[in-house]
Amino acid sequence: QVQLVESGGGLVQPGGSLRLSCAASGFALDKSAIGWFRQAPGKEREGVSCIGSSDGGDNVQYYADSVKGRFTISRDNAKNTLYLQMNSLKPEDTAVYYCAARRNLDISSASSRYDYWGQGTQVTVSS
């Protein structure tokens, strides 16, 4: 079976940091375009950061304008795990964060293009 499991969410104050992890099983993340998405109550799911699949680096990366300079996406191929380092968090970052993967290598920030999804992890940024 294909499974993605997010972890690392929680409650942080504005300006704080969190590192999200997404453990994949049933397939190899280095064969897929992968990404992080988020959904706040009453809002549509949006792409946060995505990366083209690679087993050795030199990946094409996408970041939403709202997170550029604050978030960093990365992948550990040996552990088959995707990460999202989130710094300088803002209340507007509050959402459920999901990792997702495609069955091809084409990078995309559109959630509709992704085939496999985790259950999500809650990130709350509040003072």
Side-chain angles (χ1 to χ4, degrees):
Q1 84 292 359
V2 172
Q3 187 174 10
L4 298 169
V5 180
E6 302 96 336
S7 62
L11 173 64
V12 297
Q13 293 185 341
S17 298
L18 284 174
R19 188 192 191 208
L20 305 184
S21 299
C22 174
S25 60
F27 75 108
L29 282 177
D30 63 0
K31 298 291 187 180
S32 303
I34 49 181
W36 290 95
F37 298 79
R38 66 187 182 188
Q39 188 165 22
K43 297 185 178 180
E44 296 182 349
R45 189 168 299 185
E46 64 177 347
V48 176
S49 182
C50 305
I51 187 170
S53 180
S54 173
D55 60 5
D58 296 324
N59 295 286
V60 176
Q61 297 184 356
Y62 163 84
Y63 294 95
D65 289 343
S66 60
V67 307
K68 286 181 180 178
R70 300 190 297 121
F71 291 10
T72 303
I73 191 170
S74 63
R75 179 180 60 194
D76 186 330
N77 293 328
K79 296 182 178 179
N80 210 32
T81 300
L82 179 70
Y83 303 97
L84 183 68
Q85 179 67 47
M86 304 186 296
N87 298 325
S88 301
L89 283 161
K90 304 176 180 179
E92 304 91 88
D93 297 317
T94 297
V96 177
Y97 283 70
Y98 302 87
C99 64
R102 304 187 70 183
R103 273 299 194 185
N104 60 62
L105 298 173
D106 298 332
I107 190 170
S108 176
S109 63
S111 61
S112 62
R113 300 297 185 182
Y114 286 76
D115 302 297
Y116 308 114
W117 292 85
Q119 294 299 306
T121 185
Q122 177 71 47
V123 172
T124 302
V125 185
S126 176
S127 60

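Computed from a prediction, not measured in an experiment: that's the story for all the values here. Computation of the quantities below employed the complete heavy-atom set of this structure, encompassing side-chain atoms and omitting hydrogens, waters and symmetry-equivalent molecules.
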Practice task
Please lay out, stage by stage, how Y63 and Q61 fare under the test side chain to side chain donor-acceptor pair (under 3.5 Å).
Solution key: CA-CA 7 Å; Y63 294 95; Q61 297 184 356; 2.9 Å; yes
Practice task
For the residue pair I34 and R75, establish whether any side-chain heavy-atom pair is separated by less than 4.5 Å.
Solution key: yes
Problem - Value rounded to 0.5 Å, distance of CG in D106 from SG in C50 - result: 12.0 Å
Practice task
Quick one: closest heavy-atom pair of G47 and A64, and the distance?
Solution key: O-CB, 3.6 Å
Handout entry: Check: N80 side chain, N77 main-chain N or O, donor-acceptor pair, under 3.5 Å
Key = no
Problem - R102 versus Y114, side-chain donor and acceptor atoms under 3.5 Å - result: no
Practice task
Please examine the side chains of R103 and K31, heavy atoms only from C-beta on, and report whether any two atoms are closer than 4.5 Å.
Solution key: no
Problem - Salt-bridge present (D65, K68; N to O < 4.0 Å) - result: yes
Handout entry: Side chain to side chain, Q85 and L20, heavy atoms closer than 4.5 Å
Key = no
Exercise for the section: Kindly determine whether M86 and Y97 satisfy side-chain contact (heavy atoms from CB on, under 4.5 Å), including the steps that lead there. Expected result: CA-CA 11 Å; M86 304 186 296; Y97 283 70; 3.9 Å; yes
Practice task
Could you tell me which non-hydrogen atom of C99 sits nearest to which non-hydrogen atom of L82, and how far apart they are?
Solution key: CB-CD2, 4.1 Å
Exercise for the section: Could you tell me whether the side chain of V123 reaches within less than 4.5 Å of the side chain of R38, counting heavy atoms only? Expected result: no
Handout entry: Within 45° cone and under 6.0 Å: R45 NZ/CZ vs Y98 ring
Key = yes
Exercise for the section: Could you tell me which non-hydrogen atom of L18 sits nearest to which non-hydrogen atom of G8, and how far apart they are? Expected result: CD2-O, 3.7 Å
Problem - Any donor-acceptor N or O pair under 3.5 Å, side chains T81, D76 - result: no
Practice task
Would you indicate whether the side-chain heavy atoms of W36 and I73 approach each other to under 4.5 Å?
Solution key: yes
Exercise for the section: Specify whether W117 and F37 have parallel, tilted or perpendicular ring planes, treating 30° as the upper limit for parallel and 60° as the lower limit for perpendicular. Expected result: tilted
Exercise for the section: To the nearest 0.5 Å, tell me how far S66 OG sits from E46 CD. Expected result: 5.5 Å
Exercise for the section: Could you check if a side-chain atom of T94 sits within less than 4.5 angstrom of a side-chain atom of S126, using non-hydrogen atoms only? Expected result: no
Completion exercise
Here the gap from S21 atom OG to L84 atom CG, rounded to the nearest 0.5 Å, amounts to 9.5 Å
Completion exercise
Taking every heavy atom of S108 against every heavy atom of R113, the minimum-distance pair comes out as OG-CG, 3.5 Å
Problem - Atom pair OG (S17) and CG (N87), whose distance is rounded to the nearest 0.5 Å - result: 3.5 Å
Problem - Flag side-chain contact, heavy atom, 4.5 Å: S25 against Q1 - result: yes
Exercise for the section: Check the hydrophobic clustering (I, L, V, M, F, W, Y; side-chain heavy atoms under 4.5 Å; chains of links allowed) and say if I51 and F27 are grouped together. Expected result: yes
Practice task
Output, in order, the C-alpha distance, side-chain angles, deciding distance and verdict of side-chain contact (heavy atoms from CB on, under 4.5 Å) for L29 and Y116.
Solution key: CA-CA 11 Å; L29 282 177; Y116 308 114; over 6 Å; no
Handout entry: Side-chain touch V12/T124, heavy atoms, less than 4.5 angstrom
Key = no
Problem - Exercise: identify the closest heavy-atom pair between Q119 and E6 - result: N-OE1, 3.0 Å
Fill in the blank from the handout: Heavy-atom nearest pair, D30 first then L105, reads O-CD2, 4.2 Å
Completion exercise
Distance col, row S49:OG vs Y83:OH, nearest 0.5 angstrom, shows 15.0 Å
